[in-house]
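Okay, so here's the structure we're looking at.
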Amino acid sequence: MRSIATKDEEVTVEVRDASPGHYLLKIESFSLLSESGIDKFESNEFEAAGHKWKMIIYPDGNTHENGSGHISVYLAISGTTSLPSNWEVNAICTFFLFNQLRDNYLSLRGKMRHFQPIKSIWGLPKFLSHNTFKEASNGYLVDDKCVLGAEIFIVQRQAFGECLSMVKSTDSFKREWKICNFSKLGENWLSEEFTVGGYKWKLWLYPKGNANNKGCDISIFLKSVDAKDFDHHEKVKVNCSINLKDQTNGGYKKLSYCIWFSTTTQAWGFPGFMPLTQLCDQKKGYLVNDCIAVGVELKVEFKHSVKS
């Protein structure tokens, strides 16, 4: 098997024993086609790969496509009136010529072609030169008879496509909550939902710490309400600052981070935001009359998604 490139086409050439699977045309008295003035022969319709086709042969070559001195062969899709107005058939076409001396077939296979209303025919203007075709020792033309054939393989449009979307955002949010009866809070506290950048969020607080920080620190996180329903590729990049207000002396204890929220990162923050000993120290001003003031500054910077 070998590939050859012409000016307009690249074809794969090989010899095989199996006959064409879709169409065979035996021509008797080949030389009489030219003598009788038949410069173009069009076959009857045949069905292949769910569509109807015709084979077109120029015995002396298609001069409009520089096929002089060659046999030109084409396949034309027909019976397209039942197809949608914007129909397209993607096909790989192979043309055959029977070697009557060696009992095998010369085949020339083209690349995938797009058959459409504006281009419903494809072929090889220089399928085979007359010199090669008519040389008796090659076995293609014997007793003025030859056999041509065709196969069509349809490439189904089943490819999976995706679109990667990256959106830069400038949406921001700032809010402070005053949480009273702090000593009576349960294991955790969640704020009401707030929306930034088209996504829903909550502030998530563990008054007495969570996991390894339990009993030692106050833990504060930002939680994405939507992240649990993200697809595999969807992500949101945020810049977040969480603060505890010194209600007596002014000022804040502020910690910040920048991170991508996703299905695997649905919440992010600080397990050891502040030691409970510091929080409960009246001189520090963070806990006053059993109330704390906790705030968040949130900016959504990028949105990343992949859609089918």
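Note that the coordinates shown come from a computational prediction; the quantities given were computed from them, not determined experimentally.
Note on R16 versus E151: salt bridge recorded, some NZ/NE/NH1/NH2 to OD/OE distance being below 4.0 Å.
In terms of modelled atom types and a separation under 3.5 Å, the side chain of T80 and the main chain of L83 share no donor-acceptor contact. Using a distance-only test at 3.5 Å, with no hydrogens or angles considered, a donor-acceptor pair links the side chain of H304 to the main chain of H233. Between the side chain of D226 and the backbone N or O of K200, at least one donor-acceptor pair lies under 3.5 Å.
A donor-acceptor pair shorter than 3.5 Å can be found between the side chains of E45 and S78.
With rounding to the nearest 0.5 Å, the separation of CD in E35 from CG in L33 is 9.5 Å. Here the straight-line distance linking atom CZ of R113 with atom OG of S120 works out to 13.0 Å at 0.5 Å rounding. In this structure, OH in Y140 is found 10.0 Å from CG in L101, a value given to the nearest 0.5 Å. For the atom pair CG (N104) and OG (S19), the distance works out to 12.0 Å, reported to the nearest 0.5 Å. Atom CD1 in I218 sits 5.5 Å away from atom CG in L244 (nearest 0.5 Å). Rounded to the nearest 0.5 angstrom, E88 CD and Q116 CD are separated by 4.5 Å.
The two residues P117 and S85 come nearest to each other via the heavy atoms CG-O, 3.7 Å. Residues S72 and N62 share a closest heavy-atom pair of OG-N, 2.8 Å. The shortest non-hydrogen separation linking S241 to S256 is OG-OG, 2.6 Å. Smallest separation of non-hydrogen atoms from G197 and D171: CA-OD2, 3.0 Å. Shown here for H130 and H70, the closest heavy-atom pair between the two residues is NE2-O, 3.2 Å. Closest approach of T248 to G285, counting heavy atoms only: OG1-CA, 3.4 Å.
For K254, the salt bridge (charged side-chain N to carboxylate O under 4.0 Å, His left out) partners are E297, not counting sequence neighbours. In this structure, the side-chain hydrogen bond (donor to acceptor under 3.5 Å, both in side chains) partners of D144, at least two apart in sequence or on a different chain, are S31. Residues passing the side-chain contact (heavy atoms from CB on, under 4.5 Å) test with A48 are H22, F46, W53, I152, sequence neighbours excluded. With sequence neighbours excluded, no residue satisfies salt bridge (charged side-chain N to carboxylate O under 4.0 Å, His left out) with E176. By the salt bridge (charged side-chain N to carboxylate O under 4.0 Å, His left out) test, E301 is found to be paired with no residue, residues two or more places apart in sequence or in another chain being considered. Residues forming a salt bridge (charged side-chain N to carboxylate O under 4.0 Å, His left out) with R102 (at least two apart in sequence, or on another chain): none. Legend: residues meeting side-chain contact (heavy atoms from CB on, under 4.5 Å) with I259, ordered by chain and number and at least two apart, are V238, Y257, F261, T265, W268. Annotation: side-chain contact (heavy atoms from CB on, under 4.5 Å) contacts of T263 (sequence neighbours excluded): F230.
Heavy-atom neighbours of K52 NZ from other residues, nucleotides or ligands within 6.0 Å: at or below the threshold of 12. When the shell of 6.0 Å around CG of N44 is examined, it contains 12 or fewer heavy atoms from other residues, nucleotides or ligands. The neighbour count for K235 NZ, taken as heavy atoms of other residues, nucleotides or ligands under 6.0 Å away, does not exceed 12. More than 12 heavy atoms of other residues, nucleotides or ligands shown are found within 6.0 angstrom of NZ on K253.
Side chains of V11 and V13 form a contact here, defined as non-hydrogen atoms less than 4.5 Å apart. Between L205 and I220 the shortest side-chain heavy-atom distance falls below 4.5 Å. A heavy-atom distance below 4.5 Å is not found between the side chains of V294 and N243. V73 is not listed as a side-chain neighbour of L108, based on a closest heavy-atom distance of 4.5 Å or more. Contact check for S219 versus F273: no side-chain heavy atoms found under the 4.5 Å cut-off. Side-chain contact between L148 and L24: absent, with no pair of heavy atoms (C-beta onward) separated by less than 4.5 Å. A 4.5 Å side-chain heavy-atom check between P59 and F41 finds every atom pair outside the cut-off. By the 4.5 Å heavy-atom criterion applied to side chains, L97 and N99 are not counted as neighbours.
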Verdict with reasoning, Y23 to S43, per side-chain contact (heavy atoms from CB on, under 4.5 Å):
CA-CA 10 Å; Y23 181 72; S43 76; 3.0 Å; yes
Just do the salt bridge (charged side-chain N to carboxylate O under 4.0 Å, His left out) check on E14 and R109 with the steps written out, would you?
CA-CA 9 Å; E14 62 181 336; R109 183 177 69 249; 3.4 Å; yes
The test is ring pair (Phe, Tyr, Trp, His ring centres under 6.0 Å); show your working for Y58 and Y74 and say whether it passes.
CA-CA 9 Å; Y58 292 80; Y74 296 85; 5.6 Å; yes
Just do the side-chain contact (heavy atoms from CB on, under 4.5 Å) check on N66 and T63 with the steps written out, would you?
CA-CA 5 Å; N66 299 317; T63 55; over 6 Å; no
Does the pair E28 and K145 meet the rule for a salt bridge (charged side-chain N to carboxylate O under 4.0 Å, His left out), with working shown?
CA-CA 5 Å; E28 298 180 341; K145 298 179 178 64; 5.3 Å; no
Please step through side-chain contact (heavy atoms from CB on, under 4.5 Å) for the pair W201 and V300, ending with a clear verdict.
CA-CA 11 Å; W201 309 88; V300 173; 4.2 Å; yes
Would L75 and K54 count as a side-chain contact (heavy atoms from CB on, under 4.5 Å) here? Give the steps.
CA-CA 6 Å; L75 280 169; K54 289 184 178 182; over 6 Å; no
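In the hydrophobic cluster analysis, where Ile, Leu, Val, Met, Phe, Trp and Tyr join through side-chain heavy atoms closer than 4.5 angstrom, I242 is grouped together with L287. Residues I38 and F30 share a single hydrophobic cluster, defined by chaining ILVMFWY side chains whose heavy atoms lie under 4.5 Å apart.
Pairs engaging residues 199-263 under the disulfide (SG to SG under 2.5 Å) rule: none recorded [sequence neighbours left out]. Among residues at least two apart or in separate chains, ring pair (Phe, Tyr, Trp, His ring centres under 6.0 Å) pairs with a member in residues 90-109 are F95-W122, F98-Y105.
Both the sub-6.0 Å distance and the 45° axial angle are not jointly satisfied by K214 relative to the ring of Y206.
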For residues 274-282, tabulate all N or O donor-acceptor pairs below 3.5 Å that involve a side-chain atom, not counting sequence neighbours.
residue, atom, partner, partner atom, Å
D281, OD1, K283, N, 3.0

Distance-only check: which donor-acceptor pairs under 3.5 Å involve side-chain atoms of residues 184-196, not counting sequence neighbours?
residue, atom, partner, partner atom, Å
S191, OG, L203, N, 2.8
E192, OE1, W177, NE1, 3.3
E192, OE2, R175, NH1, 2.8
E192, OE2, R175, NH2, 2.9
E192, OE2, W177, NE1, 3.3

